[in-house]
Amino acid sequence: MSSQEQLLEGLNGPQHEAVTHGGGPLLIVAGAGSGKTRVLTHRIAYLMAARGVRPGEILAITFTNKAAAEMRERISALLGARAAASMWTMTFHSACVRILRREAHRLGYPSGFTIYDSADSARLMQLVCKEMDLDPKRFPPKSFSAQISNLKNELVDYDTFAEQAQTEQEKKLAEAYKLYQRRLHEAGAMDFDDLIMVTVNLLQMFPDVAEHYRRRFRHVMVDEYQDTNHAQYVFIRRLVGVESDPDTAVVPPSELCVVGDADQSIYAFRGATIRNILEFERDFPNARTILLEQNYRSTQTILSAANAVIERNEGRPAKNLWSEQGQGTPIVGYVADNEHDEAAFVVGEIDQLTDDGSITPSQVAVFYRTNAQSRVFEDVFIRMGLPYKIVGGVRFYERKEIRDILAYLRVLANPEDTVSLRRILNVPKRGIGARAEESLELFAARERITFARALRRVDEVPAMATRSVNAVRNFTALLDELAAGVPGSTPSQIVEMVLAKTGYLSELTESKDIQDESRVENLEEFVDVAREFENTFSALLEDEAALEGEEGPGTVEEAEPTLVDFLERISLVADTDQLPDADAEGGVVTLMTLHSAKGLEFPVVFLTGLEDGVFPHMRTLGDKTQLEEERRLAYVGLTRAERLLYVSRAAVRSAWGSPSYNPASRFLDEIPPSLVDWRRGEATVLSAPPGRGIGGARRGSGFGGEGFGGTFGSRKTTARTTEAPSLSVGDLVNHDSFGMGRVQLVEGSGDKTKARVDFGADIGEKDFLVKYAPIEKL
DNA sequence: GTCATGGCAACATCA
DNA sequence: TTGCCATGAC
C-alpha cells in the first residue's frame, strides 16, 4: 500500500473528501468528536505526499498552545519531526508575533518589542487614567481596558472611534485610547490585541509584506474557526488573499481550509463571532462546505444528553451527530450538600474506579466553570493522596516574585518598557518612593520624554531630595551593570545574574517569613524553566534552519535563544507543560475549567458545579445571548466524555466567605431524566435556612473510609448558630483544610475565643477564632 | 520612606 | 477568602 493510501485508510466519506479536497476555500463543519484533528493532520500529510507541498508552505493556526502542541505532535508522528518543525503550527498570537518581529520596525516598533499581558496593560491604563486626572469611580480603568480591547478586536482605531464618540464617557474613552496607544508605542510594547491588529495594519499598509507571506504560505488552515473575531478574520483574509482584491493580482490566493463548529463557540466574550463561520461561503466565493457528523468519541447516552442540551439554543443550523458506539453506561448524577462534599464524592469515585484497575488517573478529568472552584478539589485530592494536575488557574507566571524578575528581564530586553521599569524601580527597596516616582513622572511629562529617559536626567528633576537623586543614580548604575552582562549570556544565566546583583534573592533568603521560602523555590524553578527553554529551543531552531535555508539568516550558529525569545515564550505560552503527560505511568487526574477543556477528550469526565449562578454563571442569567454561550460551554463539557460521565452540584457553596444557596443548573434539567442514574438526588439541606443553622447536616464523609472527607463545610455559617466547640489544651481536632491537629493554646472567651492548633510538621501551628474556624473536636 | 492596619471589592472564561 | 489601596505611626 502506498503512503497516500495509508493516509486515506479508515477515513469515512466526508473525512476522505475533506482530506483530498483541492482548489477553492474549504469549510469543514466538524461536530464534537468527529475526528477533525485527524482530518486536519491527514490533510496536511496528504498535501505533502500527494500534491508535493513543502512543509514550509503550510500555516496551521490553532487557538490554544495545547492544540498547537497536539497538532505538531501528530504531524510529527505522521511525517517526522523535521517536517513538523519547519511548518508554522501555532496560535494566532504566536504567528502574528513572528511576523511582527520581522516587520514591526516599519511602524516604529523595535523588533524586540515587549508583549504586555492583561495585567501589564491594566497597569498602563491605570497610569494613563491617572495622567488624565480621571475619577476612577466614574471612569474605571478596568472598564476602559475592556472597551479598548473590544475596539481593537473590531479593528477600530482611536481616530475612528473619536470621530463617532458622543457621550462624555465615549469622549474620555477615545482620549484614553489614544494616550494609552501612545504610551504603548513609546514603551516599545504591544498588548495582546495589538498583536493581531497591528499585524493587520501592517499587511494593509505594506502590500509587499502581504505578498511575501502570501507567497510563503500557499496553504493556510484555521482550527476552531467559530472562535475567530473580526480582527483575526481580516488577518486571514489578508494573508490568503481573495480573488476580487486588486492587490492579490500578483500572487493568486492561497488555499484556505477552516474547521469549526458553531455549537462550540465559547469565546464571544473576547470578540469571537459565529458570523465568521456562518458566512464563510459568502466571504470566500467558490467555497465548499463539508459536514462531519459521525462521532467517534462518545457513547450514544452521552451524545443524546449533549444533543438535548444544545437543542435549546435557538436558530442554530440543525446537525445530526451520531455514534456507532452503543448506549454505554448511564450518566451518574450526584447532589452534594456543599462543595466539600461534592469534591469528596468526586475523589471517592475516582478512587474506586482506579482501584479496580479499569481506569488510570490520567483517563479522568474534572471540569468546573471558574478557576476559583479548583481549590476545594485540590484540598481533597491532596488529603486523599490522589495525584492530580491543575491546568491554568493561579499561574506560575502570575506570582509576584516571578513577575518582578520578569520585569527586570523585560527592561533589559527593552529599556523603554515603562510598566516594567516602574514595577522594579523600588523592588527590592532602594529608597525610591512614591514621591520620587511622581516627580520623575511629572518631569517626563513636561519634557515630553519617556520615563526611562527621565531617570537618566534625575539631576534636572526639580524638588528632588538629594537622597532620592542618589538612589536613582544607583538604580540606573545597576541597570547598566546588568545590561553589560546580557550579551553572550543565555536567558538562564541572565536570570541568575539578575537574582544575584539586584539583591532580590538575598532579601528573600534572609527573610524570616515562611512564604519567602517558597518564593525562593519558585525562583529556582524559574531558572530551570529558562534552562529547559534553552535546550528545547536550540533543538527546534537547528531543525528549522536545516530545512529552510532561504528563510532569513537563521543559521545554525545563531541558534542560541535570546532574551527576547525567552520572554516571548513566556508571554504567549503560559500553559506550557500543563497538558497531562499521557506517557507517565498511570498519570494524574486533570483538573481544569471548561474553557481549557475544549478540544480534549477523556474516558471519564466529572462535570461539577452544575448550579444556576455558578454554571450558568450569575452574570449571564439575564441575557439570552450570553446564556446560549453558557449552554454551548455545557455542550463542550458534555461532549468531552468518552465512556463515563458524572454530573454533580452542591446545594450550598461558599462564595467569598458567606454561603450561597444555588438551585440546580437549568442545563441539568435539560438532560433527559432517563439518561441519568442519580446516586444522590437531593441534598440534606434543601434551601436557605430560615432561622436555623445548617450545622445539623453533618455526616461522615462516607468515602475512602478516611473520615477526613471534609463534609463539615457548613460550619462556615455558624454566624447564626452558637455552637462553637469548647476547646481546651491537648484536645484533638479536625480542620476542614488542615486535617487533624492538637490544641496548643486557648485564649479569650465567648465569641473571641482563639485557639492555637498544631497540625504537625508539614503544616505547623495555626491560630483560629474558634467561633468561625471550620474545626471539629474529636 | 517604610511598614502595619483595616476597609473594601472581587470570581468569568484565554492568548 | 484574598488582594489591593488608603491611612497613619515611626
Side-chain angles (χ1 to χ4, degrees), chain A residues 61-68 90-97 115-123 126 136-137 140 142 146 149 152-153 190-196 224 227-229 231-232 265-272 367-376 391-395 397-398 400 426 428-438 465 467-468 471 568-576 578 592-599 609 613-621 626 629-630 632-634 636-637 653-660 713 716 736-737 772-774:
Chain A
I61 293 182
T62 61
F63 250 76
T64 63
N65 294 298
K66 273 198 304 256
M90 50 183 77
T91 63
F92 271 106
H93 291 86
S94 303
C96 287
V97 167
I115 299 166
Y116 279 180
D117 67 16
S118 342
D120 301 314
S121 79
R123 177 82 195 126
Q126 241 179 355
K137 289 258 156 43
K142 265 195 179 163
S149 171
K152 289 182 176 180
N153 287 335
M190 297 194 209
D191 65 20
F192 274 134
D193 304 307
D194 279 343
L195 296 180
I196 314 288
E224 308 286 7
D227 285 330
T228 50
N229 61 34
Q232 290 161 335
S265 156
I266 56 175
Y267 285 107
F269 73 91
R270 76 178 199 217
F367 300 156
Y368 34 79
R369 175 67 237 265
T370 64
N371 274 311
Q373 289 165 254
S374 69
R375 259 183 66 162
V376 190
V391 174
V394 199
R395 296 194 189 115
Y397 298 110
E398 279 165 22
K400 180 187 175 300
N426 201 26
K429 298 258 178 298
R430 52 174 69 92
I432 310 175
R435 192 61 180 278
E437 190 179 344
E438 218 167 290
R467 265 172 67 171
S468 306
E568 177 181 318
R569 162 70 148 250
I570 287 170
S571 325
L572 295 177
V573 191
D575 56 0
T576 331
Q578 296 212 321
M592 62 181 125
T593 64
L594 283 154
H595 282 86
S596 313
K598 187 150 90 151
V614 175
F615 184 32
H617 194 273
M618 187 74 76
R619 298 188 193 180
T620 65
L621 292 178
Q626 288 192 53
E629 174 146 322
E630 295 281 295
R632 289 193 293 269
L633 191 56
V636 166
R653 182 179 294 276
S654 36
W656 46 88
S658 51
S660 63
K716 291 206 168 71
D736 261 358
S737 320
Y772 296 106

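Quick note on labels: first sequence line is chain A, next is B, and so on, each numbered from 1.
Proximity of Ser654(A) to the phosphate of dT1(C): no side-chain N or O atom is located under 4.0 Å from OP1 or OP2. Of the side-chain N and O atoms in Asn426(A), none sit less than 4.0 angstrom from OP1 or OP2 of dG1(B). For dC14(B), one of the phosphate oxygens OP1 or OP2 lies less than 4.0 angstrom from a side-chain nitrogen or oxygen of Ser596(A).
The neighbour count for Arg375(A) CZ, taken as heavy atoms of other residues, nucleotides or ligands under 6.0 Å away, does not exceed 12.
Using a 30° and 60° split on the angle between ring planes, His595(A) and Tyr267(A) fall in the tilted class, from 30° to 60°.
Spacing between atom OH of Tyr267(A) and atom C1' of dC14(B) amounts to 5 Å, rounded to whole angstrom units. Rounded to an integer number of Å, the gap from Arg653(A) CZ to dT1(C) P is 17 Å. One atom, CG of Asn371(A), and another, P of dG3(C), lie 14 Å apart when rounded to the nearest Å. One interatomic measurement links the two molecules: OH of Tyr397(A) to P of dC14(B), which rounds to 17 Å at whole-angstrom precision. Between the CZ atom of Arg123(A) and the P atom of dC4(C) there is a distance of 11 Å, given to the nearest Å. Atom CD in Glu224(A) sits about 14 Å away from atom C1' in dA15(B), given to the nearest Å. One atom, CZ of Arg435(A), and another, P of dT2(B), lie 14 Å apart when rounded to the nearest Å. Regarding Ile196(A), its CD1 atom lies at a distance of 13 Å from the P atom of dA15(B), rounded to whole Å.
Between Leu195(A) and Ile115(A) the shortest side-chain heavy-atom distance falls below 4.5 Å. Inter-residue side-chain proximity for Leu572(A) and Thr91(A) is flagged as unmet; no heavy-atom pair is nearer than 4.5 Å. Contact annotation: the side chain of Thr593(A) approaches that of Tyr368(A) to within less than 4.5 Å [non-hydrogen atoms, C-beta and beyond]. Using a 4.5 Å heavy-atom cutoff, the side chains of Glu629(A) and Phe269(A) are in contact.
In this structure, Phe63(A) reaches the sugar-phosphate backbone alone: every heavy-atom distance under 4.0 Å involves primed, P, OP1 or OP2 atoms, never a base. If you check every strand for non-hydrogen atoms under 4.0 Å, Gln126(A) touches sugar and phosphate atoms only. The residue Arg467(A) sits apart from the nucleic acid: no heavy atom pair falls under 4.0 Å. No engagement by Lys400(A) is indicated, since no non-hydrogen atom pair under 4.0 Å with the nucleic acid exists. Note on Gln626(A): a base of the nucleic acid sits closer than 4.0 angstrom, heavy atoms only.
For Ala436(A), the side-chain atoms get nearest to dG1(B) when compared with the rest of dT1(C), dC3(B), dG1(B). Listed candidates were dA15(B), dT13(B), dC11(B). Nearest to the side chain of Phe269(A) is dT13(B). In this structure, the nucleotide among dA15(B), dG1(B), dC11(B) sitting nearest to the side chain of Asn65(A) is dA15(B). Taking every side-chain heavy atom of Arg375(A) into account, dT1(C) is the closest of dT1(C), dC11(B), dC14(B).
Ranked by how close their nearest DNA chain B nucleotide is to the 5' end, Ala434(A) and Glu630(A) are led by Ala434(A). Toward the 5' end of DNA chain B, the nearer of the two residues Lys429(A) and Ala655(A), judged by each one's closest nucleotide, is Lys429(A).
With both ends at atom P, the span from dC4(C) to dT13(B) equals 16 Å, rounded to whole Å.
For Arg369(A) against dT13(B), a side-chain-to-base donor-acceptor contact under 3.5 Å is present. With hydrogens and angles ignored, a donor-acceptor pair closer than 3.5 Å exists between the side chain of Ser118(A) and the base of dA15(B).
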